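The block underneath contains the structure these notes are about, expressed in structure tokens.
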Amino acid sequence: MLRSTLNHQSVRKLSLNLGTKCKRLEGKVAIVTASTEGIGFAIAKRLAEEGAKVMISSRKETNVKKAVEQLKSAGLNVCGTICHVGKKDDRKKLFEKTEQEFGSLDILVSNAATNPNSSTLFDTSEELWDKIFDINVKSTFLLIQGSLPLLRKSKTPSIILISSISAYKPYTLLGVYGVSKTALLGINQVAAATLVSEGIRVNCIAPGVIKTKFSELLCEGEIGEATLSTIPMQKFGKPNDIAGVAAFLASDDASYITGETIVASGGIPCRL
């Protein structure tokens with residue numbers, strides 16, 4: 001009966017509608033740091049698909065231009081700017097550019113992180129320790145602090161921090177990186193408790209082993225096989241797996257959630 005009453009055009013429209021993302025973020029403005037590839041790019045794309053205007057940012061101008069062009073070609077409302085999160089002037093320009101282009105800010109996704117040289121904890125130099133904590137922890141705090149003047153004007157402000165499964169589970173090869181990601185869990189809880197009276201929600205995502213350039217060490221060769229054996233779902237995650245969680249946390253569907261960390265790890269057990 002259905003086949004006889006639906007022509008090819010109707011079937012095509014139905015398929016397109018079923019494949020379209022919901023518009024939970026219509027009218028909202030978002031910043032996503034380190035959003036030209038990997039998890040950051042996937043999050044920016046998903047937020048834009050759900051209706052948000054998104055400011056793309058990264059350290060390299062060529063990467064920003066490429067990402068913006070790709071998303072705009074898909075009909076998404078995005079702009080871009082250079083931002084090294086460890087630089088005060090760049091952070092300031094990030095917020096100024098967002099206000100200039102979009103007029104407001106509702107969502108901050110702090111995704112930028114570094115791990116320049118994978119090494120065990122006590123093989124780490126003081127300089128490397130400082131660099132990792134400067135980008136992964138200090139800059140996250142300063143981004144939150146810098147976003148508050150704009151977020152306080154929003155009716156539905158939301159901050160999302162990107163931590164890691166390594167915040168819970170010790171990967172010895174990641175050393176200080178894992179420690180820095182554990183620190184973000186503390187920032188998340190204290191920031192949420194501090195800002196809850198102002199209606200600003202703060203939540204965190206702890207991705208498992210997501211297959212990106214950043215995680216090549218854990219996904220390839222013998223190390224990759226060993227890592228995969230620890231994942232109950234027996235597969236590495238994809239950036240889109242984290243993007244969906246971020247879109248949920250940024251939306252009104254998560255309006256009663258703050259101070260939480262969602263672990264998206266394929267079932268890897270984790271306890272702090």
Side-chain angles (χ1 to χ4, degrees), residues 20-36 38-58 67 71 74-80 83 85 94-95 97-99 101-113 140 143-164 184-185 187-189 191-196 198-207 210 237-264:
T20 300
K21 297 285 191 300
C22 58
K23 295 294 184 179
R24 294 179 293 186
L25 305 178
E26 196 76 55
K28 297 182 186 297
V29 175
I31 288 174
V32 184
T33 61
S35 48
T36 58
I39 290 174
F41 180 80
I43 290 174
K45 182 173 182 286
R46 179 60 181 267
L47 299 187
E49 287 174 341
E50 293 213 16
K53 302 172 186 176
V54 182
M55 181 60 69
I56 305 295
S57 68
S58 178
L71 295 176
L76 301 176
N77 194 346
V78 302
C79 284
C83 181
V85 297
L94 175 64
F95 295 119
K97 178 78 169 177
T98 302
E99 188 172 25
E101 293 290 339
F102 298 134
S104 60
L105 179 65
D106 305 283
I107 303 159
L108 171 68
V109 181
S110 179
N111 171 66
T140 296
L143 280 167
I144 295 173
Q145 189 177 57
S147 72
L148 292 179
L150 289 175
L151 289 179
R152 283 171 172 145
K153 299 175 184 178
S154 170
K155 293 181 180 179
T156 55
S158 175
I159 297 171
I160 300 169
L161 312 182
I162 306 299
S163 180
S164 167
L184 292 187
L185 304 183
I187 290 179
N188 179 59
Q189 290 191 335
T194 303
L195 297 173
V196 67
E198 298 184 62
I200 300 175
R201 295 188 300 108
V202 186
N203 290 291
C204 189
I205 304 172
I210 309 300
K238 299 177 181 179
N240 284 340
D241 295 326
I242 307 307
V245 179
F248 162 69
L249 286 175
S251 76
D252 291 342
D253 286 341
S255 61
Y256 199 51
I257 300 175
T258 194
E260 294 296 332
T261 297
I262 295 180
V263 178

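Not measured: the values here are computed from a predicted model.
Heavy atoms only, all atoms of each residue included: E260 and N188 are closest at O-ND2, 3.3 Å. Of all heavy-atom pairs spanning F95 and L143, the tightest one is CZ-O, 3.4 Å.
If you take CG on L195 and OG1 on T258, they are separated by 8.0 Å, rounding to the nearest 0.5 Å. How far CD of Q189 is from OG1 of T194: 11.5 Å, rounded to the nearest 0.5 Å. Between the CD1 atom in I159 and the CG atom in L105 there is a gap of 9.0 Å [rounded to 0.5 Å]. Rounded to the nearest 0.5 Å, atoms CG (L94) and CG (L108) are 8.0 Å apart. Here the straight-line distance linking atom OG of S110 with atom CD1 of I187 works out to 8.5 Å at 0.5 Å rounding. With rounding to the nearest 0.5 Å, the separation of CG in L185 from OG1 in T261 is 5.0 Å.
Between the R201 side chain and the I257 main chain, a donor and an acceptor come within less than 3.5 Å of each other. In this structure, the side chain of S58 does not engage the main chain of S35 through any donor-acceptor pair within 3.5 Å.
The shortest side-chain heavy-atom distance between I43 and V54 does not fall under the 4.5 Å cut-off. Here the side chains of R24 and D252 are not in contact, with every heavy-atom distance at 4.5 Å or above.
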Criterion side-chain contact (heavy atoms from CB on, under 4.5 Å) on I56 and F41, from CA distance to verdict: CA-CA 8 Å; I56 305 295; F41 180 80; 5.7 Å; no

So N203 and I262, side-chain contact (heavy atoms from CB on, under 4.5 Å) or not? Walk me through it. CA-CA 8 Å; N203 290 291; I262 295 180; over 6 Å; no

Might you work through the side-chain contact (heavy atoms from CB on, under 4.5 Å) test for L47 and V109, ending with a clear yes or no? CA-CA 10 Å; L47 299 187; V109 181; 4.2 Å; yes

Test side-chain contact (heavy atoms from CB on, under 4.5 Å) on I205 and I39; report intermediate values, then the result. CA-CA 11 Å; I205 304 172; I39 290 174; over 6 Å; no

Sequence neighbours excluded and cut-off under 3.5 Å, please list the side-chain donor-acceptor pairs for residues 238-251, or say none.
{"unit_1": "D241", "atom_1": "OD2", "unit_2": "K238", "atom_2": "N", "d": "2.8"}
{"unit_1": "S251", "atom_1": "OG", "unit_2": "F248", "atom_2": "O", "d": "2.8"}
{"unit_1": "S251", "atom_1": "OG", "unit_2": "D253", "atom_2": "N", "d": "3.1"}

Side-chain donor-acceptor pairs under 3.5 Å in residues 25-34, sequence neighbours left out?
{"unit_1": "K28", "atom_1": "NZ", "unit_2": "T156", "atom_2": "OG1", "d": "2.4"}
{"unit_1": "T33", "atom_1": "OG1", "unit_2": "N111", "atom_2": "N", "d": "2.8"}
{"unit_1": "T33", "atom_1": "OG1", "unit_2": "A112", "atom_2": "N", "d": "3.1"}

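The side chain to side chain contact (heavy atoms under 4.5 Å, CB included) check on L76 picks up K45, A48, E49, L71, A74, V78, with sequence neighbours excluded.
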